[in-house]
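Keep in mind that this is a model prediction, so the values were computed, not measured.
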Amino acid sequence: MKMKNCRADPVSGVFAHATHFVGLSDKSPDIQLSLASVKADNFPETPDELPPPAPIKGDVDTAGITRVSGTLGTDDGLISVPLVGHATRYVVRVDLSGSAPRLVELRVIAADDGGDIDPNTMRTTPVRRLASAAAWFITQADGQFLTVDEVREPRRLSRPERAASRHLDADHYRRVSAALMSARRIGAPAREAVAVQFRTADKPVPLATVDRWIREAKARGYLRRDWRTTTDLDA
């Protein structure tokens with residue numbers, strides 16, 4: 001079969017117009033299948049192959065985030081978070097004991113070229129973004145690894161506050177449920193076992209956080225309501 005007078009659609013990359021297939025009718029199902037399956041070589045095969053979006057002013061410069069003080073992987077120190085297009089530098093400390101990062105310290109440092117910190121600087125400081133960026137850096141072992149979602153969607157890193165409410169996904173709550181029931185099977189304190197298993201570095205997760213995870217796991221249907229008292233521990 002030969003195809004003549006074809007051109008690639010500029011958006012989809014599919015050869016969308018074929019005026020003549022030698023030996024086949026233009027309405028043949030074989031033609032329709034070919035049109036749907038043939039891609040132009042100069043277009044990405046999947047969204048994963050698309051280049052990451054260009055950074056804009058105010059995006060987090062993830063490569064420039066550094067720890068100023070404290071222990072790797074913990075919230076006991078200061079984190080420097082640079083923003084694209086901002087002359088000022090930001091150093092923050094966050095509290096990760098709750099369900100969302102809480103900004104507890106903020107230092108705004110003027111540019112080295114003699115710039116000053118004026119009311120507009122303070123008004124436009126994106127505190128939620130700074131807190132979320134610091135929290136991401138800490139929970140990823142001080143930026144040493146990325147999740148699959150972060151590789152596929154780089155905007156999660158440059159605007160982390162938009163994904164902050166989604167950083168604990170369904171898999172996390174399934175793991176919490178499994179850890180609770182595993183602890184019950186061996187007669188160990190279940191909440192404490194989760195706190196240790198999901199620790200950051202050598203610091204166990206606060207039990208208040210574990211309780212929030214348990215409530216969410218039950219709400220999502222991953223953990224049975226009577227998990228504390230049931231004798232059906234293999235369910």
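By the rule that hydrophobic residues join a cluster once side-chain heavy atoms approach within less than 4.5 Å of another member, V94 and V127 end up as members of one cluster. Connection of V196 to V210 is not established within any shared hydrophobic cluster, with ILVMFWY side chains joined at heavy-atom distances below 4.5 Å, either directly or through further cluster members. In the hydrophobic clustering of ILVMFWY residues, with side-chain heavy atoms under 4.5 Å counting as a link, I138 and V68 come out apart. Both W227 and W213 belong to a single network of hydrophobic side chains, linked directly or stepwise wherever heavy atoms of I, L, V, M, F, W or Y lie under 4.5 Å apart.
Separation of atoms CG (L180) and CZ (R185) is listed at 10.5 Å; rounding is to 0.5 Å. Separating the CD1 atom in I79 from the CG atom in L130 is a distance of 12.0 Å, to the nearest 0.5 Å. Rounding to the nearest 0.5 Å places CD1 of I186 at 12.0 Å from CZ of R184. Rounding to the nearest 0.5 Å places CZ of R224 at 5.5 Å from CG of D232. With rounding to the nearest 0.5 Å, the separation of CG in L103 from CG in D95 is 10.5 Å. One finds the OH atom of Y90 at 13.5 Å from the CD1 atom of I65 (value rounded to the nearest 0.5 Å).
Looking at S132, its side chain does come within 3.5 Å of a backbone N or O of R128 through a donor-acceptor pair. When atom types are taken as modelled, the side chain of T74 and the backbone of T71 share a donor-acceptor pair closer than 3.5 angstrom. Not one N or O on the side chain of S80 forms a donor-acceptor pair closer than 3.5 Å with the backbone of V91. Side chain of S69 to backbone of L78: a donor-acceptor contact under 3.5 angstrom is found. Looking at D59, its side chain never comes within 3.5 Å of a backbone N or O of V84 through a donor-acceptor pair. Between the side chain of T230 and the main chain of D226, no donor-acceptor pair closer than 3.5 Å is present. R129 contributes a side-chain N or O that, together with a main-chain N or O of G58, makes up a donor-acceptor pair within less than 3.5 Å.
Taking each heavy atom of G85 and K57 in turn, the nearest pair found is O-CE, 3.6 Å. Heavy atoms only, all atoms of each residue included: P126 and H86 are closest at CD-CE1, 4.4 Å. Considering every non-hydrogen atom in both V194 and A179, the closest pair reads CG2-CB, 3.9 Å. Nearest heavy atom pair, residue P101 against residue A131, reads CB-O, 4.0 Å. Pairing each heavy atom of A183 with each of A190, the nearest pair is CB-CA, 3.7 Å. When every heavy atom of T88 is checked against every heavy atom of A110, the shortest pair comes out as CG2-CA, 4.3 Å.
For the salt bridge (charged side-chain N to carboxylate O under 4.0 Å, His left out) test with E216, the passing option among R220, R212, K218 is R220; the others fail. Between R123 and the choices T121, T125, N120, the side chain to side chain donor-acceptor pair (under 3.5 Å) rule is met once, by N120.
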Does the pair E105 and R107 meet the rule for a salt bridge (Lys or Arg N to Asp or Glu O under 4.0 Å), with working shown? CA-CA 7 Å; E105 185 173 346; R107 302 180 185 181; 3.0 Å; yes
Please determine whether side chain to side chain contact (heavy atoms under 4.5 Å, CB included) holds for the pair V92 and V81, giving the CA-CA distance in whole Å, both sets of side-chain angles, and the decisive distance to 0.1 Å. CA-CA 7 Å; V92 303; V81 182; 4.2 Å; yes
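Here R93 does not pair with D75 in a salt bridge; the nearest charged N to carboxylate O distance is not below 4.0 Å.
D211 is listed as a side-chain neighbour of R191, based on a closest heavy-atom distance under 4.5 Å.
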